[in-house]
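Since the structure comes first, as C-alpha cells, the remarks are kept for the end.
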Amino acid sequence: MSNAYHIVVCAGVVPDPLQTLEPITPATVPALKNEMMLPAVLDPWAAHALYEAANLAAHAAGSKVWLVSAAPKAKLQQVMMNVAQKASFELVPIDSPASGFADAHAVAALLATVIQSIPALDRSRLLLFGGWESASRGAGVTMQLVAEQLGVVDQFQGVDQLTVQPDGSFEILERIEGGRHLVSTCQGPPALLGWATGNLPEPRNNPQIGMANMRTIMPALQRAKAGPLPQDAIRYLSVTPPKQQRQTRIVKDRSPDEIAAELLEWIVQD
Amino acid sequence: MATATPVQPELLRTLPSDAARQLLWGFADRYDLQMLVQSARAVARGPVARLVANGGRNSHEWTPAKAEMLEAFDSSGITAVFMDPEEGGLFAGPKNLVLALVAFELAWVDGGAATASLAGCLALAPIHERGTPEQQRHYMRLAAPPQPGEDRKPWRGAFCLTEPIPYVGVDTGMLNGKIRIVEWKPGEEPMLQVEKRGRFITNIGFANFVTAAVDSGDDRIKGSCMVILEEDDPGIFDRGTPTRKMVHQLSSTGDPIFNLRIPASRIVGGYDIKDGVLVPRHTHSEVIEAVFRRTRVTVGVMTAAKLLSAVEPVIRYQRGRFRGAETATPGSVRYELGLQAREDSLHRLTDVWATGEASASLAFAAARTFDELDPLEKEIEKLYAERGIMGGRAKAKLLREAADQAAALVQLSPADARKQPQNSDLLLRFVMLDSLADVLCPAAKLWNTGWGAQMMREAVSLMGGYGITEDCPGFLGNKWMDAQLEATYEGPEAVQRRQLSVTMTQPLFLAQLRSWVREMREIASEHPGTGACALATAMTMWLWTLDHLQHSKDADGGKLYQSARQGVTFPLADALCWLMAARCQILDVLRLQRQGAEDASVSEGLPGLVNFLTDLCHVQSARASGEVARICAELVFGYDRHPAWDEQGTRGCWHKDELDTLEGLIPGINSYALDVVGSDGSHPKKAGPCVSCHTAGPFLSLHTKLDACLTGSRLAKDRAAEAISKLMIPEALDYPA
C-alpha cells in the first residue's frame, strides 16, 4: 500500500507577534492599525503544521505538500522570503484580505474551493493540515469548516503528534487539559489535523530550499487570483486586545517551593 | 467667507518595512537577495544576539560558542554567498550587493559577527579576483559548505597582508613576509620557503588556509606576490596569541607566525619563468587593489547598520523613560512620550537617523556600482585581447582617451543625441563606472565609519547612562566601540583620504560632479523639500574651492593642492564625502517614491514614509552643505596671512586726520570707516585690519547663496522630529539584549 500523502496546509499571515496590535474600526469591519505596513509572519500554529507536513512528506516517498494561503499577495511574497527557506512546498496563493476579523465561513469556503481546484491533488490521499488556533483572532472553526466542505470527516484538533503505524494507520495525539493527550487511531487519509505546536523545532533557513521553492512560488504569486471576502458577514460591536497585567513586587530570599506555591495561587485565583 | 483649511502632511506611521528598504536600496527585483537577507537576519537576531547577550564578547579567545556561529553561517547560506553555484554557492554573478546586505544584517546586531563572515570572503577574494582557474576551483569548493550527502567541514580562511610590529620602525608600506626558492629540480615545480608574520589577522584562530602577501627574498623571484598557505604545510603555522582587542570580540584575531614550505603553484594567479627567474603574474599590490576596492564597501555598510539599528531602542527608551514614576500617570504626556516631549531628544535622534540613512545609501550605491562594474571589467579584458593591447601603458592610454571622451559627453544635456554612446559603448561605460567606483568606495569607507562612529556616540548618549552598560538594548555601547575599529581596519581613514585626494581630482569625476549639480537642481525643482538645491550649491562651492586651491599658493608661496599638503587635500576629501552621501540618500528616496506607488507591498503609508525620508534628506543636505561651507571657507581663507597693524597692513586703512578733513565735506564719514589709524599709530583693538576679500568674491557669493539655501531645513527637522514622536514601534526588540 502506498504511503504517499497529498498534504494541503492552510495558513494565513499575521502581524509579527512583537508588533503593537491596536484594533481600529474604520468602516464596518475592524482592522489592526497600520496592519499592511507591519512585518508579517506565517500564522505560528499553521507554521507548525507546515513543518510537520514537510517532515511527514520527507519520510513518505511520493508525497507532496501544498501551502494554501489567503492574503494580499504583496504581503504573502514578503512572508515567503522567509517561509520558503524552511520547507519544500508548492504555494497556492489567494489574493485576498488577511484580516483576522474575516468571517470564518467565508474564508473556509474560499479555501475549500481553491483546494478542490488543485489539479494534481488526490483527495483519497489528502491530509488537510492547519493550525487549531490563529495568532490573529482564534475563531477556531475555519479548518473544521474547510474539512466539512471537502467531505473530510476524520478531524483532529490540538494535534501534537502524528505517528504512521506499520499498517499505514495514524496514531494521533490531541491536547487535552492538564498537559495530557488524547490518543486516537485513524485508518489514514483523508483526514484533517489542526495542529497545536507539534514537536518539531522551527527549521533553520535554508536558502537552497528557498531558491528551489521560489521557482514555482513567484509565478504562482503572479498568477494568484483575487478571492474577495464579504465585508458584512459579521457585525462587530467592539474589539479590544487582551489586557496586559503587570504586578511587580521585589521579594528576596524566597525558596523555590514558596515561589511555586505563590505562582499556583495566582494562576488559580481566576 | 470660506477659509482654506491647511492639509496636514501625512506622517510616518511605522518603521520602514523590508519592502520599502528593498526599493530604497535597489534590490526589490532580486528575491534571491531578499531571501538571503531573511536568512542572515535569523542568524544575527538569533544565535549571534544570544551569544552577545550571554557574554560571548567578554573573551579574546576563540571559543566553542563562537565556533557555533560559523556553523550557523554555513547552514543559513552566509558562507556560500561568495561562491558561484558551480563552486557550491548560491548566486551567479557579482557579489558586492549581496555581501553588503549580509554585512548589514549581521552588523545590525554585532560587528564582530559581520567581520568573521566577511574575513572568510576576504581570504578567498585574492583567489577569486586573480587566482588561476585551478586555484579558484580547488579553494572555493573547499570553502563551500557541504552539499547534501557530503560529510566534510568547510575550510575557513584568513587574509594576511602586512601589519608591522609597532614601535620597531617598520614602514607600513613595506611587506614583512619573504619567499625564497629552497628547491628547484630541473623540469619540476620550484619549492618555496615562506616566512611571514602577521598582526591583527582576522579568523586566524581557526583558519585552515591563509592568503598572505610576501615579497621576494631571492634573486630568482621577481617582486612581490600573494601565496596560499595551508595549516598542514611542512613548517611552522603558529596562530599566535589572540589580540586583546576591546571590539569585535566575536571575530578571532591574532598575530600569527608562518615559516612554511610550499610549492610555487600556491602563488595566487600563477607564475612564469623568464630567464631562469620566477615571475609571479600578479604583484601583491595588484591583487590587493582588486580586493580592497570591493571589500571596503561592506565595512562602510556595517557602521550604517549600527546607526539605523539604534533608532528603535532609542525611541523605546525615550518613550518609556518616566513610566513607573509617581508623576507619570498613564495618558499624561510624561507617560506617553517620556523624553520625546523634549525637542532636543527628538532632534538629536533625527540627526542619528538621517546619518544612518545617508550612510546606508552611500554604501549600497557603492556596492551596486561594483556589481555593474564587475562584468564590465571582464569584458574590458576581452576587449584588450581582441585589440591586441598588451602592457600597462597601452591599456592606460586607451582608458585615458576613453575617459576624456566620457568627460566631454557627461557635460552634455541628457537630451543631447551625442550623449547616446555614453550608455552603449563598453569603454565609455566602463571608465564612467570606474571613475565613480574610485570615489564611492573610499567615500563610503571613510565617511560611514568615521562620521558614523561620531554619530554612534550620539546614539549612545541618547540612552543616558544606560547606553554604556551591558544591559543597553541593541548593544549600543558595543556598537559605538566597534565603529572605531571599522574606521581603522582594511585601510585606516588616512588611506581613504589619500585615495580620494587623487581620484576626486580626475577630470572625468569632476565632469560627473558638475553634471550632478545640474541633476540636483532639476530634482530640487520637482522635489523642493529634499534639500537638493542646497546640495547643488555646496557642490558648486566645492568645485570652486578645488579649482582655487589647485591654482593658488599660500602666504609663503607654497603650492596649496599637492600630494604632501594633506591639510588641504584631506579636508577637501572629507567635504566631498558629505556631498556624495547626501546625494545618494536623495536618489534613493526618489526611487522609493517612484517605484513604491506601483508596489502594493509599500503603497499603504507610502506618502508618510516618503515625507519623512524627504525631511531626513533635507536635514542631511543642510548638514552636509554646512560642513562643506565650513571646510571650504577654512581652506580658501586659511592660507592667507591676516593683515597686521604694520605699514603694509594699514595701507588701505583710513587715517584719522584724513577723515577729520573729509568730515567737513562728507558729514558722517567718520562713523562709516571701520579700520582707522590714529596719528599716533593707535588702532582698534583687534588682530589687524579686516581682510579684503576682493579675490574671493565668487566664493563669498556662493557662501551667501548657500546660507540662504538652508532656508526651511530646520522646519524639515521639526517635521521629522514630530513624525518620530508619533511613530508606532514594536512592543519589544526582536533580539535579546
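Note that this is a predicted model, so its numbers are computed, not measured. Scope of the values below: all heavy atoms of this structure, side chains included, with no hydrogens, waters or symmetry mates. Letters A, B, ... are given to chains in the order of the sequence lines, protein chains preceding strands, and every chain is numbered from 1.
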Practice task
Please round to the nearest 0.5 Å and tell me the distance separating atom CE of B:Met35 and atom CG of A:Asn205.
Solution key: 9.5 Å

Exercise for the section: Would you give the length of the straight line joining atom CD of B:Gln22 to atom CE of A:Met81, rounded to the nearest 0.5 angstrom? Expected result: 7.0 Å

Handout entry: B:Ala732 versus chain A, the contacting section by heavy-atom distance below 4.5 Å
Key = both

Problem - Engaged part of A:Gln85 at the chain B interface, taking heavy atoms whose separation is under 4.5 Å - result: side chain

Exercise for the section: Compare every heavy atom of B:Ser76 with every heavy atom of A:Pro207, then report the nearest pair and how far apart it is. Expected result: CG-O, 2.9 Å

Exercise for the section: Answer with side chain, backbone, both or neither: which region of A:Lys73 has an atom nearer than 4.5 Å to a non-hydrogen atom of chain B? Expected result: neither

Completion exercise
Between B:Ala72 and A:Arg204 the two heavy atoms that sit nearest each other are CA-NH1, 4.0 Å

Problem - Contacts with chain A made by residues 316-323 of chain B (heavy-atom distance under 4.5 Å), listed by residue number - result: none

Handout entry: Closest heavy-atom pair and its distance - A:Gln78, B:Ala19
Key = NE2-CB, 3.5 Å

Problem - Segment of B:Leu609 engaging chain A (4.5 angstrom heavy-atom cut-off) - result: neither

Exercise for the section: Among A:Met211, A:Lys75, A:Gln77, single out the residue with the greatest number of heavy-atom pairs under 4.5 Å to chain B. Expected result: A:Met211

Problem - B:Met728 to A:Leu38 - nearest heavy-atom pair and separation - result: CE-CD2, 3.6 Å

Handout entry: B:Asp734 CG to A:Asp16 CG distance, which is reported to the nearest 0.5 Å
Key = 7.0 Å

Problem - Nearest atoms (heavy-atom pairs only) where A:Met214 meets B:Tyr31 - result: CB-CE1, 3.1 Å

Fill in the blank from the handout: Taken to the nearest 0.5 Å, the spacing of A:Gln208 CD from B:Ser75 OG works out to 11.0 Å

Practice task
Measure B:Ile729 against the heavy atoms of chain A and call it side chain, backbone, both or neither at under 4.5 Å.
Solution key: backbone

Practice task
Give a yes or no on this: more than 12 heavy atoms of other residues, nucleotides or ligands lie within 6.0 Å of atom CZ of B:Arg152.
Solution key: yes

Problem - Chi angles and distances behind the side chain to side chain contact (heavy atoms under 4.5 Å, CB included) call for A:Leu18, B:Glu731 - result: CA-CA 6 Å; A:Leu18 288 175; B:Glu731 295 288 327; 5.6 Å; no

Problem - Distance (rounded to the nearest 0.5 Å) between B:Ser601 OG and A:Met37 CE - result: 11.5 Å

